[in-house]
Visitor: 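The structure's right below; bear with me while I get my questions together.
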Amino acid sequence: MNRYNFQDIEKKWQKYWEDNKFFKTSIDKKKKKFYCLEMFPYPSGKIHMGHVRNYTIGDVLARYKTLQGFNVLHPMGWDAFGMPAENAARDNNLDPKIWTNSNIATMKNQLKKLGLSIDWDREISTCSEDYYKHQQIFFLELLEKKLVYRKENYVNWDPVDQTVLANEQVIDGKGWRSGAIVERKKLNQWFFDISKFSQDLLDGLENLETWPNKVKTMQRNWIGKSFGCEIDFKVEGDLPIDIIKCFTTRPDTLFGFSFLALSIDHPISSYFEKNKEFLKFKEECSKTGTTEEAIAVGDKIGFKTNLEAINPLDSTQKVPVYFANFVLMDYGFGAVFGCPGHDQRDFDFAKKYKLQIKTVVRPPNENENFKVLDEAYAGPGIIINSKFLNGFEAPINSVLETIKILEEKKLGKKKVNFRLKDWGVSRQRYWGCPIPVAYDDTGKVHALPKSMLPVKLPENINLKVKGNPLDSQTDWKQIIIDGKKMTRETDTLDTFVCSSWYYLRFCSPKENNYGFKKEDIDYWMPVDQYIGGVEHAILHLLYSRFFMRAINYNNKNFNIIEPFQSLFTQGMVCHETYRDEKNNWLSPDDVEKINNKFVLKSDPNKSVKVGPSESMSKSKKNVIDPEFIIKNYGADSVRLFILSDSPPEKDVQWSEQGMVSAYKFIQKLWGLHNEIKMKISNEKKDQQDKEIDKFTSQVISKITHNLEKFNYNVIVANMYETYNYLINYVKKNKNLKNLEENYKKILICFSPVIPHFANECLVDLGIKGDVNWPNYDKSLLDDEKVNIVVQINGKKREIIQVKKDTDEKEILTLIKKNDKIQNLIKNKDVVKKIFVPNKILNYLIK
RNA sequence: GCCCUCGUGGUGAAAUUGGUAGACACAAAGGACUUAAAAUCCUUGCCGCUUGCGGAGUGCCAGUUCGAGUCUGGCCGAGGGCACCA
């Protein structure tokens, strides 16, 4: 028998699919659609194992749905704007466009070698004018709808990348790409008004039943809704200020009020601009730590003003007003009322400045003499020491009561606050989508007329300049609108804007007048299954959900507003890490295992330190190159292995042995195929063999069920089981009956995972044209014979095989003949017998 | 600190609804074939005694149930998210 030549066969099928545009899709209203989308890749150079896993998972689903008769949209594109291109281009004196496009070409070629069922006619690239011109139109639409605005704001400034970062792009106080410590800087920036949709984005999560709870929780926390009230505190002092507004979730602790704290960026700080002490204090604030954690744990410091705030519920009480480093300007009103007894931060602050600490809530198990001592009490309880609030249950009842009173007295009102801040989209970078506006002499913003779109990026520019390269493009910056000289906006859009609507573009990739066609959206959207990494749980997914709402705002472009019906987040691909004696990272290629010990390939006398398995990353060198693996083992083997070892939502360990065994399995399947082919030529096709019919039905049922549930690792196990069974079956049975028909069905079940192999075998058996997902005979699934587990006091003692639906009486007669059971129950009181048909018989004895 | 998720053999993991725990695979040990190796195939896999049988057993402790990996409560451990959000 010849070996399975995966090189030739995979190449043949890939060519066949490509030549026949096998995966090209168009609207077909007679068919149910299925939009299967995997997060599109950033064209960094080569594909990595994470891509292999992500796109294999998606491809299995897309192929399965196609076989089920769905009209499947399965597109692919490129998230092609972004910093790496600009940096690579700068360092190598290239055009970012050339760098990017060449990476795209390489990666597209690699993806094709995986045998993905992608409609490449719909390929898009966010850096092409064809794409970003529509994004510019969207931007202007949002500007018109007042969902985009410009404001001066403190921003997260990355000093290495010389650009602004969104809050979400700052991780532990460092830039997510550069790792540089992020600085605060005041700049004029463009913002998307995402906070306008806070409530709606929160509510929308309720309907996303097939999203992982983890992701929904993360989004809920990020949106951060809290219920409370705003309170106007009257103030007295030497400044022309009457009132300071605060937001609080605990107005019920107002009688524990002992200071009022302002953010150093609070408008009132303008009165202190010339106060040297204040400036010194401000300086000190900026020094306290850089990571969020350091700030959270760090010292609380304050600057006392001469102002005094009056307790709205007790006008005789006046407390000092401080500036404090722990108050954030962009949450609430940048001012908080301090209640040290029941808020740990306030407690720390009060201790430091020797302010009064009053106890106004007691825990349920304490009496009225309870006093806060070493730490604040923030838990539930009963209000004490608070005049008319005494006895109220805290927090719920007491908060509602206090709000009612404050509203009656017009001292405050109910308020819902969100943590979600508006999305800053300005980036001081070249390689991004230009923002289609210009400024006149007075600095007024003018939207570019549509006729002047797209605003194209200038070419042949100098990327070596500091800051934004577009800023130094004086020719490009000058523009004339309606005869007036103006200056272009030189900021470009955050690349997350590009990925917020690409799923819409895939529906109408060639549409010229607008980003999409309504007809296409109505048919294809929403994405039925979205698949990608959990690292996008907040940013990309929240922005996309916002973008759909924003585009639809005021002009119903479409009827659905949630872009992704179902979400699946796959785990990462991990590999052991290796280091040499000097702690330098080693690539798996440099390492060899001899006698259970890891040593250097180049020098087997030198041992290698094996570290924990971590997600593959270039910096730790624990990467395996997919191209090399595909070349050596074939796409089907890689697909099989990447799915086999762990559930798709969990991390998977890359294992060379596992990879080899997947490869061998394909070879074994080929051996089985040839044996079956040889034997079925003289099988009696008109006769039934119930055994193989039943087995096939079980296989189809199991694989179908596991496909629906994303149990792709179990499908691989099902495939191994099927092989183990069939190889025995073929050896055992000399006279075959209807194996061929059943075997073909099994091959179709295998085809989503190993499409080249399965199609080759099907054609080898004479199948031409379309195949469909096989049906199975449900009645065959039920075993005619079942195992009854005989238990004594809940412990398994014996298994007896009986006909299905045998009644209790009959089973009891059988058991009477069973020595083992009889021995166990003799001389014992049988108190009760529990019988579950076809499953169990349990004796309770004393 | 707050929130979420998860704890099953040497390892990755299976176990539709509470009903035979460990499917499937990796690694290991032993064996067969071979002059030898590779490849392939078979067996084993916690404890106790004689091929069989008995016992323990799904992080720990309780509970519900005839019966718990699965349900409930508490504890311990690991991973992830958020973190001066008032």
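Each chain gets a letter, A, B and so on, in the order its sequence line appears, and its residues count up from 1. Bear in mind the structure is a predicted one, so any value in this text is a computation, not a measurement.
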Visitor: Are A/Ile357 and A/Phe347 packed together at the side-chain level, in the sense that at least one heavy-atom pair is separated by less than 4.5 angstrom?
Guide: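 Yes; the side chains approach each other to less than 4.5 Å.
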Visitor: When rounded to the nearest Å, what value does the distance between C1' atoms of B/A39 and B/U50 take?
Guide: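 Each nucleotide's C1' atom is 38 Å from the other's.
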Visitor: Which way is the base of B/G48 turned, syn or anti, if we draw the line at 90° from 0?
Guide: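 With its glycosidic angle more than 90° from zero, B/G48 counts as anti.
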Visitor: Provide, to the nearest angstrom, the distance between the CG atom belonging to A/Leu262 and the P atom belonging to B/C84.
Guide: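 Rounding to the nearest Å, CG of A/Leu262 and P of B/C84 are 19 Å apart.
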Visitor: Answer with base, sugar-phosphate or nothing: what part of the nucleic acid does A/Lys415 contact at a heavy-atom distance below 4.0 Å?
Guide: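 Since no nucleic acid heavy atom lies under 4.0 Å of A/Lys415, the category is nothing.
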Visitor: Roughly how far apart, to the nearest Å, are B/A83 and B/C46 at atom P?
Guide: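 So the two P atoms sit 49 Å from each other.
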Visitor: Just to be sure I understand the rule, does A/Tyr720 reach a base, reach only the sugar-phosphate, or reach nothing, if contact means heavy atoms closer than 4.0 Å?
Guide: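 Sugar-phosphate, backbone atoms only, no base.
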Visitor: What is the distance, rounded to the nearest whole Å, between atom CD of A/Glu656 and atom C1' of B/U11?
Guide: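 The answer, rounded to whole Å, is 17 Å.
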Visitor: How far does the C1' atom of B/C60 sit from the matching atom of B/C66, given to the nearest Å?
Guide: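 Nearest-Å result for B/C60 against B/C66 at atom C1': 26 Å.
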Visitor: Does A/Met329 or A/Glu721 map to a spot on RNA chain B nearer the 5' end, using the closest nucleotide for each?
Guide: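 By nearest-heavy-atom nucleotide position, the 5'-most residue is A/Glu721.
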Visitor: Thinking salt bridges, do A/Lys216 and A/Glu209 make one under a 4.0 Å N-O criterion?
Guide: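 No, this pair does not count.
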Visitor: Does A/Lys833 reach the main-chain N or O of A/Asn842 with its side chain, forming a donor-acceptor pair under 3.5 Å?
Guide: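 Side chain of A/Lys833 to backbone of A/Asn842: no pair is present.
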Visitor: With rounding to the closest Å, how many angstrom separate the P atoms on B/A38 and B/A23?
Guide: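 Between the two P atoms, the distance is 27 Å.
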Visitor: Please check if the number of heavy atoms outside A/Lys245 that lie under 6.0 Å from its NZ is greater than 12.
Guide: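 Buried by this count: over 12 neighbours within 6.0 Å.
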Visitor: Atom CZ of A/Arg419 and atom P of B/C3: how far apart are they, to the nearest Å?
Guide: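 In whole Å, B/C3 P lies 16 Å from A/Arg419 CZ.
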Visitor: When we call it a touch if two heavy atoms are under 4.0 Å apart, what does A/Val327 touch: a base, just sugar-phosphate, or nothing?
Guide: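 Base contact - A/Val327 has a heavy atom under 4.0 Å of at least one base atom.
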Visitor: May I have the distance from A/Asp348 (atom CG) to B/G1 (atom C1'), rounded to whole angstrom?
Guide: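 So the CG-C1' distance, A/Asp348 to B/G1, works out to 12 Å.
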Visitor: Would you say A/Arg220 reaches B/C82's phosphate, i.e. side-chain N/O to OP1/OP2 under 4.0 Å?
Guide: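 No, no such contact exists.
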Visitor: With respect to the side chain of A/Ala717, which nucleotide from B/A23, B/C82, B/A86 is positioned closest?
Guide: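 Selected nucleotide (nearest to the side chain): B/A23.
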Visitor: Return the minimal non-hydrogen interatomic distance between A/Ile301 and A/Asn325, and the atom names on each side.
Guide: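 Shortest heavy-atom separation between A/Ile301 and A/Asn325 comes out as N-OD1, 2.9 Å.
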Visitor: Quote, to the nearest angstrom, the P distance that separates B/G81 from B/U72.
Guide: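 Roughly 27 Å separates the two P atoms.
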Visitor: Measure the distance from CD1 on A/Ile538 to C1' on B/C4 and round it to the nearest whole Å.
Guide: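 Rounding to the nearest Å, CD1 of A/Ile538 and C1' of B/C4 are 12 Å apart.
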Visitor: Ignoring hydrogens and geometry, is there a side-chain-to-backbone donor-acceptor pair from A/Arg797 to A/Ile821 under 3.5 Å?
Guide: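 It does not hold such a pair.
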Visitor: Measuring only the P atom in each nucleotide, how far is B/A25 from B/A15? A whole number of Å is fine.
Guide: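 Taking atom P in both B/A25 and B/A15, they lie 16 Å apart.
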Visitor: What interatomic distance, in whole Å, is found between C1' of B/G77 and the corresponding atom of B/G63?
Guide: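 The same atom, C1', in both gives a distance of 22 Å.
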Visitor: Can you tell me which stems involve RNA chain B, if a stem is defined as three or more consecutive Watson-Crick or G-U wobble pairs, both distances under 3.5 Å?
Guide: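 As far as RNA chain B goes, consecutive pairing (with distances under 3.5 Å) yields the stems B:1-7 with B:76-82, B:10-12 with B:24-26, B:28-32 with B:40-44, B:46-49 with B:52-55, B:59-63 with B:71-75.
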Visitor: Categorize A/Gln653 for me: base, sugar-phosphate, or nothing, with a 4.0 angstrom heavy-atom threshold over every strand shown.
Guide: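 Contact class for A/Gln653: none.
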Visitor: Roughly how many Å is it from OH in A/Tyr725 to C1' in B/A23, rounded to a whole number?
Guide: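 In whole Å, B/A23 C1' and A/Tyr725 OH are 17 Å from each other.
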Visitor: Under 4.0 Å between any heavy atoms, over every strand shown, what does A/Ser655 touch: base, sugar-phosphate, or nothing? Just pick one.
Guide: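 Result for A/Ser655 = nothing.
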Visitor: Give me the distance, rounded to whole Å, that separates B/A36 from B/A56 when you measure between the C1' atoms they each carry.
Guide: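 After rounding to an integer number of Å, I get 45 Å for this pair.
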Visitor: Do A/Trp654 and A/Met49 have side chains that approach each other closer than 4.5 Å (heavy atoms only, starting at C-beta)?
Guide: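 A side-chain contact exists here, since the closest heavy-atom pair is under 4.5 Å.
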Visitor: Using ring-ring contact (aromatic ring centres under 6.0 Å, His included), reason through A/Phe710 and A/Tyr712 one step at a time and then give a plain yes or no.
Guide: CA-CA 5 Å; A/Phe710 274 108; A/Tyr712 291 180; 5.3 Å; yes
Visitor: Do any side-chain nitrogens or oxygens of A/Arg797 fall under 4.0 Å of OP1 or OP2 in B/G55?
Guide: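 Answer yes for this pair, as a side-chain N or O of A/Arg797 is under 4.0 Å from OP1 or OP2.
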Visitor: Hey, what do you get for OG1 (A/Thr253) to CG (A/Asp346), rounding to the nearest 0.5 Å?
Guide: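 It comes to 8.5 Å.
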Visitor: Could you pick out which residue, A/Phe326 or A/Lys214, lies toward the 5' side of RNA chain B when each is mapped onto its nearest nucleotide?
Guide: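 Comparing both residues, the 5'-ward one is A/Lys214.
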Visitor: Do the side chain of A/Asn728 and the main chain of A/Asn724 share a donor and acceptor less than 3.5 angstrom apart?
Guide: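 The answer is yes, because a donor-acceptor pair under 3.5 Å joins these two groups.
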Visitor: Any donor-acceptor pair under 3.5 Å joining the side chain of A/Lys300 to the base of B/C84?
Guide: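 Between B/C84 and A/Lys300, which were checked side chain against base, a qualifying N/O pair under 3.5 Å is present.
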Visitor: Looking at A/Lys820, I'd like to know whether one of its side-chain N or O atoms comes within less than 4.0 Å of OP1 or OP2 on B/G54.
Guide: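 For B/G54, OP1/OP2 do have a side-chain N/O of A/Lys820 under 4.0 Å.
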Visitor: Regarding A/Lys414 and A/Glu230, does a basic nitrogen lie under 4.0 Å from an acidic carboxylate oxygen?
Guide: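 Not counted as a salt bridge, because no side-chain N and carboxylate O are separated by less than 4.0 Å.
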Visitor: Classify A/Asn724 by what it touches in the nucleic acid, base, sugar-phosphate, or nothing, heavy-atom distance under 4.0 Å.
Guide: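 Contact class for A/Asn724: sugar-phosphate only.
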Visitor: Rounded off to whole Å, could you give me the CD-to-P distance for the A/Glu798 and B/G67 pair?
Guide: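 Rounding to the nearest Å, CD of A/Glu798 and P of B/G67 are 21 Å apart.
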Visitor: Distances for protein N/O vs nucleotides 13-22 of chain B N/O pairs under 3.5 angstrom?
Guide:
unit_1 : atom_1 : unit_2   : atom_2 : d
B/A13  : OP1    : A/Ser646 : OG     : 3.3
B/A13  : OP1    : A/Lys650 : NZ     : 3.3
B/A13  : O3'    : A/Asn713 : ND2    : 3.3
B/A14  : OP1    : A/Asn713 : ND2    : 3.1
B/U16  : O2     : A/His705 : ND1    : 3.2
B/U16  : O2     : A/His705 : NE2    : 2.1
B/G19  : N2     : A/Gln791 : OE1    : 3.3
B/U20  : O4     : A/Asn787 : ND2    : 2.7

Visitor: Crowded around A/Ile845 CD1? As in, over 12 foreign heavy atoms under 6.0 Å?
Guide: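 Above 12, so yes.
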Visitor: For A/Gln657 and B/G12, give me the distance from atom CD to atom C1', rounded to whole Å.
Guide: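 The answer, rounded to whole Å, is 12 Å.
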